[in-house]
Structure formats: structure tokens, C-alpha cells
Amino acid sequence: MAVLAKKFGAAIVSLEHRYYGKSSPFKELTTHNLQYLSSKQALFDLAVFRNYYQELTNKKQNLSNYENSWFVFGVSYPGALSAWFRLKFPHLTCGSLASSAVVLAIYNFPDFDRQIGVSAGPACKKALQEVTRLAEEGLSTSANAVKSLFGAEKLNNDGDFLYLLADAAVMAFQYGYPDVLCSPLVEANSSGKDLMVAYADYVKNYISDGSVESYGQQFLKKTTIDADSNEVTSSRLWWYQVCTEFAYFQVSPSNDSIRSSKVDTKYHLDLCKNVFGKDVYPEVDITNVYYGGTSIAGSKIIFMNGSQDPWRHASKQKSSDNMPSNLITCHNCGHGVDLRGCPQSPSRIEGDASDCASPDVVHKARQQMVEHIDLWLSQCQDQDHGGIFLV
């Protein structure tokens, strides 16, 4: 973003999504109080803010009825918001970059796990499947011992623990550090070393204690806003959106699954009911009717996805009229690789691509992205739009 802003002489304006961070309208995040948390409301917030900020800028510069060129960006769910904002408010923005944009709400999402298997490769996939088998076996005989190995004693629900084990592996492929996970696991599995210890070492190194606890449903039921840790708040908030709008239930495929078969539809629905109440249900069809899913009828939207990212199966992966889509393919090209680079832990502000397995592929995709942005901004400026805001 910083590089793009410098190239186009633009100002970057960043908004905080309602309820997240310090933008909560309530002191308690009860289910009743979360009723105004939705993607639709967030889009209206952005539209209202965009006009407010334009008027404020005009006032400071003593201008009247002046319009800057606005271009919206986002990665992941914010990437979807970026695409949807261009769809719903095309008169307020010159275009959109929708990076790893999850525009398709999906009830059951077995392709998520299948992609992890493809991204992992045969040897690592086999090791991860063995981890799942050993974990299930351990839970049936000595659950506390297995959970303590991962620092997950507070996860009373076995399903929550099995979800943690699956999600920990996801992080490596999603965020561009697959070898950190796979190399020690494959080595342990082939040499007869303790595979569970090897995987537990990875989990403890890459997932903090607080993050492990956040997988527990008792943790997700907390309604008090934690001023010291946004993680407490954001986990509950995102699950509320999952349980009301998007689902993305990362269920195990019917065969050759990495994650436990116990992470099924019932597990997710039970979580939603236990955490938010019996009347909460993901209205996936309504979400897709409202936005269009991967058949989104927008224009001047760039879709970018990384080949190893499981979330790409909820994004638009085929180009259509005035909506180019680019799949950036390399060994560690993950979520938001076009903006964030590889790997993404720690993140680097300029999205360094030097550690991507194929830097030239990332650079080429970025050049195509810049060409589209340049074209659409020039078309906007032909309509008497002035300076540029990236939001």
C-alpha cells in the first residue's frame, strides 16, 4: 500500500470496522448488541465516511463540490468489502483491489481442507493426517495429556482442540511459511521421531498462548470488551459474522481429509448456538444473493489470489468483463501475497516479494495490478476528479 501510494501520489486513509478495535457502540458484546454487526452496515459506514472525509478535505482547502479520486483496497474479508463497495457504490470509487477476497459465502467448505493437502504435498500431508489420527487416539485415552502437550488444557471441548490442530497447519500455507511446518514434520515422520512433539513445537512457536485459548467456546462466549487485548474481542466478532452471514464451515472432506472428521457441520452449528444462542444461523444464500458471490456484477475490480491459499476457493478466480483475476503461483504464495509478499510473519510494510519462491511471478502480477489501477484512475481524473485517496 505504501509503495502504491507513493507511486500515485496518493494519501492512505484507513478505517476501523464497526465493533472491532475501539469502534464498538456498546460496552458489552452480547448477541443482542451484535445485531448491527454486518458487512452491509460496514459498507454503509465506509460510504458515509468517504463523503464526510471528502467534505472535510474540501473545507480545509477552501474548495466547493470538489471530488478526489478514491480507490478501495483490502485483503481477505476487507478484500471482499473492497469488491462489494465498488459493486454497491460505484459512484464513490474509481475502482477496487480485492486481494484474496472471500466474496463467496460457503456453507460447507471441504475445498478448504483439500487445498491444504495440495499445498502441503504428499509427504507433509501424510504427516499431518498422522497427527490428526494420533490426536484423536490420544483424546480417547488421555485427553489432558494430549492437550497439555500443545498448551491447550483450557480447551474443554475436544472439537475445539481438533479445530485448533487443523487451523495451526492452515496458517503455514495461508501466510507463506510452509517449510517451517513441513520440514520438521516430514523428518520426524520418516525417522521415527515423536510426530506429536514435533507438531506441538510448531504450534507453540507460531501460535501464542492467548491465541490457543481463543479457540475455546467458553472464551468466545465472553462479552466484555478487553481493553488490553483486541484478540479477545475480535475472535467473538468474527465468529458472529461467520455464524450469521458467511459460514465458511471448514468441514473435513468425505475422504482423504487432513482435519478430523469430528470437525463437521454439526460442530460448527453447535458452536454458533452455544456461543450466540439458538436463533443464530448463517444466512449464506441471502449473502450470495445480495452480493452475487463469484458472479459479482461489478466493474473495475481486480481480484488477486495466491496459489497455496485455501481461501482462494471462496474468491473470484476467473476473469470477466472489466474484472481481471490473477492467480499468483509459487511454493509459498499465500493470502494477500500481492500486497504482503512472502512470508507474512512478521509482516513487512512494503510487501517484500524477495522471499517468495518465485519473486518474478509476484512482480509480474503487481505490474498488471498497477496498470489497471493507473488506467482506472486516469479515467476517473478525465471526469474532473483530482488528487487520490487509497482507502
Side-chain angles (χ1 to χ4, degrees), residues 110 112-216 250-253 255-264 267 306-310 330-335 342-346 355-357:
F112 193 94
D113 188 83
R114 293 190 184 104
Q115 180 62 56
I116 296 302
V118 172
S119 299
C124 188
K125 177 180 178 180
K126 182 179 179 182
L128 288 168
Q129 289 174 323
E130 181 64 6
V131 166
T132 299
R133 188 191 70 79
L134 291 170
E136 290 179 333
E137 185 179 273
L139 288 174
S140 66
T141 57
S142 183
N144 286 337
V146 174
K147 292 176 183 179
S148 64
L149 188 62
F150 292 84
E153 300 92 332
K154 293 183 179 180
L155 300 186
N156 298 322
N157 184 307
D158 288 351
D160 295 344
F161 175 69
L162 292 168
Y163 190 97
L164 161 68
L165 293 190
D167 207 43
V170 168
M171 297 299 111
F173 304 103
Q174 182 170 328
Y175 294 118
Y177 48 91
D179 295 337
V180 171
L181 166 67
C182 288
S183 294
L185 286 190
V186 171
E187 196 275 330
N189 204 32
S190 62
S191 64
K193 293 180 181 178
D194 193 320
L195 189 59
M196 289 294 277
V197 170
Y199 191 57
D201 287 344
Y202 160 77
V203 172
K204 286 185 285 190
N205 284 331
Y206 282 84
I207 298 184
S208 67
D209 292 340
S211 294
V212 168
E213 186 183 357
S214 72
Y215 284 85
Q250 294 163 26
V251 298
S252 62
N255 56 68
D256 203 27
S257 173
I258 291 177
R259 66 186 56 217
S260 171
S261 60
K262 296 177 182 179
V263 183
D264 56 8
Y267 165 77
S307 61
Q308 307 307 94
D309 180 18
C330 78
H331 172 64
N332 60 341
C333 285
H335 208 55
C342 316
Q344 294 162 33
S345 180
D355 290 330
C356 292

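Hydrogens, waters and symmetry mates play no part in the numbers below; they use all other heavy atoms, side chains included. All figures in this text were calculated on a predicted structure; none of them were measured in a lab.
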Donor-acceptor contact present, side-chain S148 to main-chain E153, <3.5 Å: no

Applying side chain to side chain contact (heavy atoms under 4.5 Å, CB included) to V263 and not counting sequence neighbours gives L162, Y163, R259, S260, Y267, H268

Can the ring centroids of F150 and F161 be said to lie less than 6.0 angstrom from one another? yes

Please enumerate all residues that pass salt bridge (charged side-chain N to carboxylate O under 4.0 Å, His left out) together with K193, with sequence neighbours excluded. E187

Can you check whether V180's main-chain N or O pairs, donor with acceptor, with Y206's side chain at less than 3.5 Å? no

Cystine candidate C182-C124, SG separation under 2.5 Å: yes

When you measure from the SG of C342 to the SG of C356, is the result less than 2.5 Å? yes

Please examine the side chains of D113 and Q250, heavy atoms only from C-beta on, and report whether any two atoms are closer than 4.5 Å. no

Quick check: does any side chain N or O of S119 sit under 3.5 Å from a backbone N or O of Q308, one acting as donor and the other as acceptor? yes

Regarding D167 and Y215, is there a side-chain donor-to-acceptor distance under 3.5 Å anywhere? yes

When you measure from the side chain of S142 to the backbone of G138, do you find a donor-acceptor pair of N or O atoms at a distance under 3.5 Å? no

Which pairs count as salt bridge (Lys or Arg N to Asp or Glu O under 4.0 Å) when at least one residue sits in residues 132-146, sequence neighbours excluded? E130-R133, R133-E137

Are the charged groups of D256 and R114 less than 4.0 angstrom apart, N to O? no

Hey, mind stepping through K262 and D158 against side chain to side chain contact (heavy atoms under 4.5 Å, CB included) and telling me if it holds? CA-CA 9 Å; K262 296 177 182 179; D158 288 351; over 6 Å; no

Short question: side chain of N332, backbone of A357 - any donor-acceptor pair under 3.5 Å? yes

